[in-house]
Amino acid sequence: MLETYPADRPLVEIVKVTKVYSPDIVALQNISLSVAKGELLFLTGRSGAGKTTLLKLICCVEKPNKGVIEIAGKDLNKLSSPNIQALRRETGVAYQDFKILPRQTVYRNIAIAMEVNYTAAKVIKKRIDELLDVLKLTHKRNIPAGKLSRGEQQRVAIARAAATKPPLILADEPTGNLDPAMSLQVMGLFEKLNEGGSTIIIATHDETLYKNNRYRKVDLHYGQFATQSTLPGFLPPANGNQQKLI
Amino acid sequence: MGHETYFYFKQTGRNLQQSWGTQLMTLFTVSMSILIFTFFFLVYTNIIKAGDRFGDELRLIVYLDDEVVPEMRPQIKKKITDYSPVEKIVFVSRDEAFHRLNVQLGQEGDVLNDLGAGFLPPSIEVFPKKDLKNLTLIKQFSDYLTTLPGAQKVQFGQGWVERFGYFTELLRVIVFLSGGLLVMATAFMVSYSIRLTVIEKEAELEVLRLVGARSSYIQTPLLIEGFLQGLLSSGIGLGMLYLIFLWTKTHLSGPGFLHLLDITFFPPVTTGIIMGMSILLCTGGSLVSIRKYLRI
Ligand SMILES: Nc1ncnc2c1ncn2[C@@H]1O[C@H](COP(=O)(O)OP(=O)(O)OP(=O)(O)O)[C@@H](O)[C@H]1O
Ligand SMILES: [Mg+2]
């Protein structure tokens, strides 16, 4: 449903969303944001600014208290569970806490995202070998993921998010545990996926990742947007409402 | 979409691999319950069948003061059949009774010669319809027959019929109880093993939800698991029962009392129904506990 969505409209549309965790922790306050189809966007902000919360709202893990989130024109509040499941199959998410299965092998941890699409075993194997090569994990292929270092586990989480080449990718602090060379490698992977048509949102406070590139950045500050850079390299969507500030 | 079945079975295989201890325990408990239930059920059906065979010989004998003159016969027949339809009615005269006894005694029939043909009372033999199995009904019928004109006494082997009646009654209760035990043990074990599977796989289920697994993707393997449990445990339970049956047949039959019983196994239809019910029970149990524990 995301793949076939017209390219000239925002794929992710967040309108005046507020998220309050009980009892009274305001994680996001009245924020609006449009992400165009095919865009690569950096979500920056200090620790506790609400980056993870925003990504969780987009993949339906959390629900907003106020406001509307639309993905490909569909209001997430009104989606039935089969539709939420379908949306999640089209959204690759690399969670900040990885959400990997420690007793399962690296291979199986990545395969799980493709298996739910009933992808043929051959296709799965080819894609995983490709990803393991890019992320320098080939020699860990059959090792239980729990035995891996944090940085390696992080790459497994990224590989799982990227496995199906999904139309929407959410990466939460994807380079938090990686060395600069490896970070570059991961960024390369995201750029390649973006060129292939995936819309990508990367939440990070790793400056080296977003400095000196052409992608748009939005800065969260205590649950509100502080600044949004315009992007010289990216054409704003036809209705141009992605420039919304708080 | 042809891959779906492949994934369902692959996932089932993984589930079984991860929780084979629980699976074996479930298999053991359920097949034991099936064995216990089918054992009593088989005994019951064989007893009932034996009862049928004895029942063919069940007759109520009405001993009379005097011979029934032939002209009276239709009237008496009508009186009897008015109360209850019967298989047949035989009028036995003094001579006839004497003759029968003579034949039964064979060579020792000489002793009768002194007594003369008149010492045995005439009687009417009433063969009730086969469906008149129930002890109380037979008793009522017998009470009615004593009211026939000239009837002295009615005999039908009360003691034996009574004991047989109580015995089958007891067996029926045991069959029901063991059936209930089977249902409860199965429901408990299947739901227990699914709950364990769910707990063991909680992390995996969470990840599956996060990557958008359809409900059917998560549920179908658990249903297949239930189906296999039902198929295997009823197969094992019935297989063991069959071995017990064979052993009993070769060791206990032969001449004598048990030869009368001539035990037989369930016909294929009954075997099929028992297996079908077990599968239904296990799959149904899975379905209910999936709904309960997964909250999808
Ligand atoms: N489940 C929760 N219950 C209560 N408060 C929460 C919960 N999740 C997040 N918060 C709070 O909401 C605020 C935003 O958290 P969030 O995880 O979105 O920040 P973040 O920008 O991702 O931070 P970091 O860079 O450290 O990952 C924080 O103050 C956090 O303590
Ligand atoms: Mg975070």
Side-chain angles (χ1 to χ4, degrees), chain A residues 1-2 55-56 58-62 71 79-95 97-105 108-124 144-146 156-157 159-164 166-170 172, chain B residues 1-24 193-225 227-228 286-296:
Chain A
M1 103 183 139
L2 303 191
L55 294 186
K56 280 183 176 170
I58 296 172
C59 62
C60 295
V61 172
E62 294 282 356
I71 310 278
L79 280 190
S80 62
S81 5
N83 280 330
I84 290 178
Q85 288 159 7
L87 181 69
R88 285 183 177 165
R89 287 196 297 277
E90 292 191 88
T91 310
V93 187
Y95 291 89
D97 54 354
F98 311 151
K99 303 264 189 236
I100 54 172
L101 300 167
R103 277 156 55 184
Q104 307 275 355
T105 62
R108 162 100 172 107
N109 265 285
I110 303 169
I112 200 166
M114 304 181 79
E115 285 177 350
V116 294
N117 289 313
Y118 307 114
T119 309
K122 254 192 217 156
V123 180
I124 294 181
V156 173
R160 190 182 61 200
T164 57
L168 179 61
I169 295 176
L170 311 175
D172 197 351
Chain B
M1 283 301 174
H3 294 298
E4 287 180 25
T5 327
Y6 167 76
F7 275 109
Y8 293 151
F9 278 100
K10 194 170 167 187
Q11 187 64 30
T12 309
R14 279 198 201 113
N15 289 356
L16 294 181
Q17 209 182 341
Q18 277 169 21
S19 57
W20 58 270
T22 320
Q23 303 292 347
L24 275 185
S193 78
I194 289 208
R195 202 179 57 151
L196 276 194
T197 310
V198 169
I199 291 170
E200 272 171 33
K201 293 162 62 78
E202 209 175 324
E204 182 170 349
L205 290 171
E206 194 201 348
V207 171
L208 279 171
R209 266 186 284 251
L210 290 178
V211 297
R214 291 172 183 83
S215 304
S216 60
Y217 186 89
I218 297 174
Q219 294 183 1
T220 312
L222 294 172
L223 282 182
I224 294 176
E225 218 173 276
F227 180 90
L228 289 178
S286 304
L287 196 67
V288 171
S289 22
I290 291 168
R291 292 275 147 83
K292 197 162 123 202
Y293 297 122
L294 279 186
R295 308 179 310 269
I296 292 177

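Residue numbers begin at 1 in each chain, while the letters A, B, ... track the order of the sequences. Values below: all heavy atoms of this structure, side chains included; hydrogens, waters and symmetry mates excluded.
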query = Considering only heavy atoms, which portion of A:Leu101 lies under 4.5 Å from any heavy atom of chain B: side chain, backbone, both, or neither?
reply = side chain
inquiry  = Could you work out, with salt bridge (charged side-chain N to carboxylate O under 4.0 Å, His left out) as the rule, every residue matching B:Glu202, not counting sequence neighbours?
reply    = none
ask   = What residues form a salt bridge (charged side-chain N to carboxylate O under 4.0 Å, His left out) with B:Lys10, not counting sequence neighbours?
value = A:Glu115
request  = Of all the heavy-atom pairs spanning B:Ser215 and A:Gln85, show the shortest one and how long it is.
outcome  = OG-NE2, 3.3 Å
inquiry  = Does any backbone or side-chain atom of B:Phe7 lie under 4.5 Å from a heavy atom of chain A? Answer side chain, backbone, both or neither.
reply    = side chain
message = So which atom in A:Val116 and which in B:Arg214 form the shortest heavy-atom distance, rounded to 0.1 Å?
response = O-NH1, 3.3 Å
request  = Let me know if A:Gln104 has heavy atoms under 4.5 Å from chain B in its side chain, its backbone, both or neither.
outcome  = side chain
Contact winner vs chain B - A:Ile100, A:Thr119, A:Val93, A:Asn109, heavy-atom pairs under 4.5 Å = A:Thr119
message = Are the side chains of B:Glu204 and A:Arg103 in contact, using a 4.5 Å heavy-atom criterion?
response = no
remark   = Note: B:Val211 and A:Ile112 closest approach over all heavy atoms is CG2-O, 4.2 Å
request  = Please work out whether the ring planes of A:Tyr118 and B:Tyr8 are parallel, tilted or perpendicular, with thresholds of 30° and 60°.
outcome  = perpendicular
remark   = With chain B, the option among A:Ala86, A:Ala120, A:Cys59 that has the most non-hydrogen atom pairs under 4.5 Å is A:Ala120
query = Which bit of A:Ala121 is near chain B, if near means a heavy-atom gap under 4.5 Å: side chain, backbone, both or neither?
reply = side chain
